[in-house]
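To start, the structure itself, in structure tokens.
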Protein chains: 2
Amino acid sequence: MDNASAVSRRSRATRQGGLVRDALAADDKFRSAQVVFGQLRSKGEAIGLSTVYRHLQALADSGDADTLQNAEGEALYRLCGSGEHHHHHLVCRQCGRTQEIEGRGVERWASEMAEEYGFTDVNHTIELVGLCNNCSG
Amino acid sequence: MDNASAVSRRSRATRQGGLVRDALAADDKFRSAQVVFGQLRSKGEAIGLSTVYRHLQALADSGDADTLQNAEGEALYRLCGSGEHHHHHLVCRQCGRTQEIEGRGVERWASEMAEEYGFTDVNHTIELVGLCNNCSG
DNA sequence: GGCTATACTGGTAACGATTATCAGCAAGCC
DNA sequence: GGCTTGCTGATAATCGTTACCAGTATAGCC
């Protein structure tokens, strides 16, 4: 109803920006820029590919969207409720359903490993990909 | 001395295959296909880009090489001593130095998460990227 | 050592995702 | 209504990777 909720403070509120955000908001699945573009176009929306990429990146930069890369190296996006809060994902490789998961233990393990081998400023990428209970039949 | 150690059983032993393997064997860092190609060419070796890609993939497929993707989605390769044995990496984002690490705990955590949310056949990608003690100065 | 079948090679074109360009358009402000 | 300037989007350009396919070299056989 009101995707104007988080309107401009430093940037303009545009129709296209709303379209991209709405497309992601439709469900909690990860999708690629190309898919978002295709969905919007097939709904008859007038929007350019460049614009879709721009808004997706903006969302990712601002922390409003999560990002991950599929096996082909394609970037996938999803709206992220938890803001800055650090978390990981359990993604269904079939239907794309996504479960946010937490890993205190993993965070700890990563720090321990970093320390053990003298590494600093360590980032970790951790994604779990499998089949959800709907798709594993 | 003898990169002919693991010779053909179903495939031919070619000069180019040896070159690619040797390039990886030079050290334990991850490198991209483009880099391997560049290194070989600048050493004056005659080899084609396609061939480099082919051999790197073959090595990865046979389990003789580890693979990971950098932030730009480029594929990186490294010879892998541990064969089939499952492990992860702690990679220096500056010099590329790589430390193989084990994560019994992480494996367990991944299984637990999978089970908790009803996911099956779950793969995980876990990479830690930071600065090694040489580069963090 | 020479011969042959065929796997391997590599230059080049094609591909797919992403980014850069830049003239035209429109949101926000007076 | 008019202006400024950020936003848009068609198109070209990038970049890593893969497909093609005619030419070449290897393994095996004589």
Side-chain angles (χ1 to χ4, degrees), chain A residues 2-24 30-62 65 67-78, chain B residues 2-24 30-62 64-65 67-78 96:
Chain A
D2 58 29
N3 58 53
S5 49
V7 204
S8 63
R9 197 165 309 272
R10 63 205 68 188
S11 57
R12 292 180 182 170
T14 63
R15 182 180 56 86
Q16 292 87 340
L19 288 176
V20 171
R21 174 175 277 270
D22 288 349
L24 287 189
F30 277 91
R31 45 175 133 291
S32 69
Q34 301 282 349
V35 166
V36 170
F37 176 67
Q39 287 179 337
L40 289 174
R41 273 299 181 87
S42 64
K43 286 203 319 187
E45 301 289 358
I47 190 170
L49 180 58
S50 319
T51 304
V52 171
Y53 273 101
R54 253 190 306 259
H55 282 288
L56 286 175
Q57 279 184 342
L59 288 169
D61 287 347
S62 70
T67 304
L68 64 81
Q69 248 172 76
N70 68 10
E72 287 79 45
E74 206 175 352
L76 306 181
Y77 302 85
R78 194 188 82 123
Chain B
D2 58 24
N3 59 50
S5 49
V7 204
S8 64
R9 195 164 309 271
R10 62 205 68 189
S11 57
R12 291 178 182 174
T14 63
R15 183 179 56 85
Q16 292 88 339
L19 287 176
V20 171
R21 175 175 277 269
D22 287 349
L24 287 188
F30 277 91
R31 40 172 133 315
S32 68
Q34 302 283 348
V35 166
V36 170
F37 176 67
Q39 288 179 337
L40 289 174
R41 273 300 179 86
S42 63
K43 286 202 319 186
E45 300 289 359
I47 191 171
L49 180 57
S50 318
T51 305
V52 172
Y53 273 102
R54 252 190 307 257
H55 281 289
L56 287 175
Q57 280 185 340
L59 288 169
D61 287 348
S62 70
D64 289 335
T67 304
L68 64 83
Q69 248 172 76
N70 68 10
E72 286 80 44
E74 206 175 352
L76 306 181
Y77 301 87
R78 194 188 83 121

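First the proteins, then the strands, lettered A, B, ... as listed; each starts at 1.
- Residue B:Thr14 places none of its side-chain N or O atoms closer than 4.0 Å to OP1 or OP2 of D:dA25.
- Taking atom CG of residue A:Leu56 and atom P of nucleotide D:dT8, one finds them 12 Å apart after rounding to whole Å.
- Taking CG from B:Leu24 and CG from B:Asp22, the interatomic distance works out to 9.0 Å, rounded to the nearest 0.5 Å.
- Side chain of A:Glu74, nearest nucleotide from D:dG9, D:dA10, C:dT18: C:dT18.
- Within the 4.0 Å cut-off from OP1 or OP2 of C:dG16, not a single side-chain nitrogen or oxygen of A:Gln34 is found.
- Taking the side chain of B:Ala33 as heavy atoms from C-beta on, and the options D:dA27, D:dT17, D:dG9, the nearest nucleotide is D:dT17.
- Here C:dC25 presents its C1' atom at 15 Å from CD1 of A:Ile47, a figure rounded to the nearest Å.
- Between B:Gln16 and C:dG10 there is a side-chain polar atom (N or O) within less than 4.0 angstrom of OP1 or OP2.
- Residues B:Leu49 and B:Phe37 approach most closely at N-CE1, 3.3 Å, considering heavy atoms.
- Atom CG in B:Leu19 sits about 14 Å away from atom C1' in C:dC8, given to the nearest Å.
- A donor N or O paired with an acceptor N or O is not found under 3.5 Å between the base of D:dG6 and the side-chain atoms of A:Arg54.
- Side chains of B:Tyr77 and B:Val36 form no contact here, defined as non-hydrogen atoms less than 4.5 Å apart.
- Each of B:Gln57 and A:Arg41 has a nearest nucleotide on DNA chain D; the 5'-most of these lies closest to A:Arg41.
- Remark: A:Arg78 CZ to A:Leu56 CG distance equals 14.0 Å, nearest 0.5 Å.
- The CG atom of A:Leu49 sits 14 Å away from the P atom of D:dA12 (whole-angstrom rounding).
- As a whole-Å value, the separation of A:Phe37 CZ from C:dA17 P is 12 Å.
- Rounded to whole Å, the distance from NE2 on B:His55 to P on D:dT18 is 15 Å.
- Checking the phosphate oxygens (OP1, OP2) of D:dG16, no side-chain nitrogen or oxygen of B:Gln69 falls inside 4.0 Å.
- Relative to the side chain of B:Ser11, the nucleotides C:dT19, C:dC8, D:dT8 differ in distance, and C:dC8 lies closest.
- Along DNA chain C, the nucleotide nearest to A:Tyr53 and the one nearest to B:Gly48 differ in position, and the one closer to the 5' end is contacted by B:Gly48.
- Counting all heavy atoms, side chain and backbone alike, A:Tyr53 lies closest to A:Ala33 at CE2-CB, 3.5 Å.
- Protein atom CD of A:Glu72 is 11 Å distant from nucleotide atom P of C:dT18, rounded to whole Å.
- A pairwise comparison of heavy atoms in A:Leu40 and A:Ala23 identifies CD2-CB, 4.2 Å as the closest pair.
- Nearest heavy atom pair, residue A:Thr67 against residue A:Ala60, reads OG1-CB, 3.5 Å.
- When each of C:dT18, C:dT9, D:dT17 is scored by its nearest atom to the side-chain atoms of B:Ala75, the top-ranked nucleotide is D:dT17.
- Atoms CG (B:Leu68) and P (D:dG16) sit 16 Å apart, rounded to a whole Å.
- Here the nucleotide nearest the side chain of A:Ser50, chosen from D:dT8, D:dA10, D:dT17, is D:dA10.
- The side-chain contact (heavy atoms from CB on, under 4.5 Å) test with A:His55 singles out one residue from A:Thr14, A:Leu19, A:Ile47, and that residue is A:Thr14.
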Give every pair of a protein N or O atom and an N or O atom of nucleotides 2-6 of chain C that lie under 3.5 Å apart, one pair per line with the distance.
| unit_1 | atom_1 | unit_2 | atom_2 | d |
| --- | --- | --- | --- | --- |
| C:dT6 | O2 | B:Arg12 | NH1 | 3.3 |
| C:dT6 | O2 | B:Arg12 | NH2 | 3.0 |

